[in-house]
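Values reported hereafter were calculated over all heavy atoms of this structure, with side chains retained and with hydrogens, waters and symmetry mates removed.
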Amino acid sequence: MNTRTMCGARAVTAGLALIVALGLGLGACTKPAGTDTPRRATQTDSTGPDARGAAAPGGAYIIKFDRPEKVGQKSRVVSTGRVDSDTAMNGRPVAAQSVRMTYAYEGIVTVKSVHACGKATRVEVKIIQLRMAQRGVTRDLLPAGTVVVAETVGDKEKFTVNGKPVAKDADKVLGFAVSLFDGDKTTTDDVFGPDGPKKPGDSWKVNTAKMLASFKGKFKKASLWPKPTDVIGKATLVAVRKRSGMDVLDLKVQTRIDNIAPHMGTIKVTEGYFEIGMSGWVPRDPKVLNHGYHVMTMKMHVEGEMAQGANVIKIVVDHDQSSKTTTTPVK
């Protein structure tokens with residue numbers, strides 16, 4: 001389970017650049033994309049590598065999503081992901097706004113600086129693999145052994161090699177795979193943490209107020225903004241298991257927010273919703289750092305209208321994103 005603050009929202013916000021661009025000028029930003037990569041059904045999967053082992057004995061457990069990072073901490077991070085985005089106008093697909101992209105990332109991450117809230121603001125990543133597949137072509141975006149400096153600049157992430165910005169596609173994939181402090185001090189525990197110890201099978205509600213406060217900074221000038229009653233979500237302690245000889249907590253989170261949509265320029269937004277699914281595990285011992293596995297799925301649906309003379313064009317945008325990430329310590 002990702003222990004950084006609202007990583008899913010950050011990743012989806014990066015993907016929503018296509019939607020925002022659509023609102024500013026149809027077809028202006030995205031080259032035509034093929035459909036060579038079939039759409040895969042969104043799912044949450046609480047089984048990861050080495051998922052063997054019986055559940056721990058009954059009892060209640062303290063659940064801690066967030067594990068503060070420390071300067072000098074070194075981890076191996078392996079992540080794969082998929083981004084699918086479609087746009088339709090009056091029911092017809094807009095090929096120029098269709099995206100099918102997958103990526104694979106592996107790197108040794110060394111923390112160089114940390115915010116007071118425990119999130120890294122600067123890391124060095126020694127690339128083992130950084131790859132993108134799109135339109136039937138798979139490309140290595142950076143050679144193995146490349147050292148990337150990732151750092152927070154304002155509320156954005158900057159990726160450089162030898163002081164120079166990485167290329168556009170490398171920046172895009174690193175933006176999905178690397179998570180840094182972005183100015184939002186809300187923690188995963190603030191939003192998804194329970195109010196006390198829980199037993200396997202127990203579920204609890206997400207903190208709606210803190211979730212919306214965190215999202216507010218990511219959906220600037222939102223076209224639609226939800227009420228607290230528009231948020232439905234819960235977290236569940238699925239089981240306690242043994243993984244790689246370590247006691248871990250299997251956790252699952254599912255949230256849906258209705259009546260939410262980003263600013264889309266001249267498009268009048270009429271409907272929108274956002275879904276987040278997370279599942280995976282964290283070490284049962286809150287003191288154990290940089291160990292974990294998580295699956296994250298994100299979906300955004302937006303509908304709107306745009307006047308063109310006497311005609312009204314109906315626009316529908318669907319953005320689906322998923323990733324799987326494993327983090328292990330490196331000595």
(message) I'd like to know whether V282 forms a side-chain contact (heavy atoms from CB on, under 4.5 Å) with V248, so could you lay out the CA-CA distance, the side-chain angles of the two residues, the decisive distance to 0.1 Å, and finally the verdict.
(response) CA-CA 6 Å; V282 296; V248 305; over 6 Å; no
(request) For D169 and R139, run salt bridge (Lys or Arg N to Asp or Glu O under 4.0 Å): C-alpha distance rounded to whole Å, both residues' side-chain angles, the deciding distance at 0.1 Å, then the answer. (result) CA-CA 10 Å; D169 285 340; R139 295 181 293 125; 2.5 Å; yes
(request) Kindly determine whether D184 and S214 satisfy side chain to side chain donor-acceptor pair (under 3.5 Å), including the steps that lead there. (result) CA-CA 7 Å; D184 181 5; S214 179; 2.3 Å; yes
(message) Test salt bridge (Lys or Arg N to Asp or Glu O under 4.0 Å) on D230 and K227; report intermediate values, then the result.
(response) CA-CA 5 Å; D230 291 323; K227 303 184 297 292; 3.8 Å; yes
(message) Between Q321 and M296, does the side-chain contact (heavy atoms from CB on, under 4.5 Å) criterion hold? Intermediate values first, please.
(response) CA-CA 8 Å; Q321 188 171 319; M296 183 168 286; over 6 Å; no
(request) Could you please spell out the steps behind the side chain to side chain donor-acceptor pair (under 3.5 Å) verdict for T327 and S75? (result) CA-CA 6 Å; T327 302; S75 311; over 6 Å; no
(request) I would like to know whether R122 and T152 meet side-chain contact (heavy atoms from CB on, under 4.5 Å); could you show each step before the answer? (result) CA-CA 6 Å; R122 187 174 186 270; T152 300; over 6 Å; no
(request) Apply salt bridge (Lys or Arg N to Asp or Glu O under 4.0 Å) to the pair K119 and E69, showing each step before the final yes or no. (result) CA-CA 6 Å; K119 304 174 201 173; E69 297 176 279; over 6 Å; no
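Ionic pairing of D318 and K299 is not present here: no N-O contact between side-chain nitrogen and carboxylate oxygen is shorter than 4.0 angstrom. Checked for salt-bridge contact, D189 and K64 meet the test: a charged N lies under 4.0 Å from a carboxylate O.
Using a 30° and 60° split on the angle between ring planes, F215 and F274 fall in the tilted class, from 30° to 60°.
Partners of R256 by salt bridge (charged side-chain N to carboxylate O under 4.0 Å, His left out), not counting sequence neighbours, listed by chain and number: D258, E275.
Counting heavy atoms from C-beta on, the side chains of M101 and F176 come closer than 4.5 Å. Counting heavy atoms from C-beta on, the side chains of D182 and E157 never come closer than 4.5 Å. Looking only at side-chain heavy atoms (C-beta outward), D171 and P165 stay at 4.5 Å or farther from each other. Contact annotation: the side chain of V148 approaches that of L174 to within less than 4.5 Å [non-hydrogen atoms, C-beta and beyond].
In this structure, A60 and P197 approach most closely via the heavy-atom pair CB-CB, 3.7 Å. What you find for P262 and M300 is that their closest heavy atoms are CD-SD, 4.0 Å. L180 and T121 get closest at one heavy-atom pair: CD1-O, 4.1 Å. A pairwise comparison of heavy atoms in V231 and M211 identifies CG1-SD, 4.1 Å as the closest pair. Of all non-hydrogen atoms in D250 and R241, the two that sit nearest each other are OD2-NE, 2.6 Å. Counting all heavy atoms, side chain and backbone alike, T188 lies closest to D66 at N-OD2, 3.1 Å.
In the hydrophobic cluster analysis, where Ile, Leu, Val, Met, Phe, Trp and Tyr join through side-chain heavy atoms closer than 4.5 angstrom, F181 is grouped apart from V114. By the criterion of side-chain heavy atoms lying less than 4.5 angstrom apart, applied directly or through intervening Ile, Leu, Val, Met, Phe, Trp or Tyr residues, M132 is grouped together with V77 in one hydrophobic cluster. In the hydrophobic cluster analysis, where Ile, Leu, Val, Met, Phe, Trp and Tyr join through side-chain heavy atoms closer than 4.5 angstrom, L130 is grouped together with V83. Hydrophobic clustering places V330 together with I128 (ILVMFWY residues linked when any side-chain heavy atoms are closer than 4.5 Å, directly or through intermediates). Both W225 and V206 belong to a single network of hydrophobic side chains, linked directly or stepwise wherever heavy atoms of I, L, V, M, F, W or Y lie under 4.5 Å apart.
In this structure a side-chain-to-backbone donor-acceptor pair under 3.5 Å is present from R67 to P283. With D140 contributing its side chain and P143 its backbone, the two residues share no donor-acceptor pair below 3.5 Å. Using a distance-only test at 3.5 Å, with no hydrogens or angles considered, a donor-acceptor pair links the side chain of W204 to the main chain of F192. Distance alone, capped at 3.5 Å, places no donor-acceptor pair between the T328 side chain and the H291 backbone.
Residue-environment remark: CG (N162) stays at or below the threshold of 12 foreign heavy atoms within 6.0 Å.
Screening residues 197-206 for salt bridge (charged side-chain N to carboxylate O under 4.0 Å, His left out), with sequence neighbours left out, gives D195-K198.
Among R76, K126, R131, the single residue meeting the side-chain hydrogen bond (donor to acceptor under 3.5 Å, both in side chains) criterion with E106 is R76.
Distance check: L249 CG to L237 CG gives 5.5 Å after rounding to the nearest 0.5 Å.
Side chains of S322 and T297: no donor on one and acceptor on the other come within 3.5 Å.
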Contacts under 3.5 angstrom, residues 305-313 side chains, donor-acceptor by atom type, not counting sequence neighbours:
from	atom 1	to	atom 2	distance (Å)
E305	OE2	K314	NZ	3.0

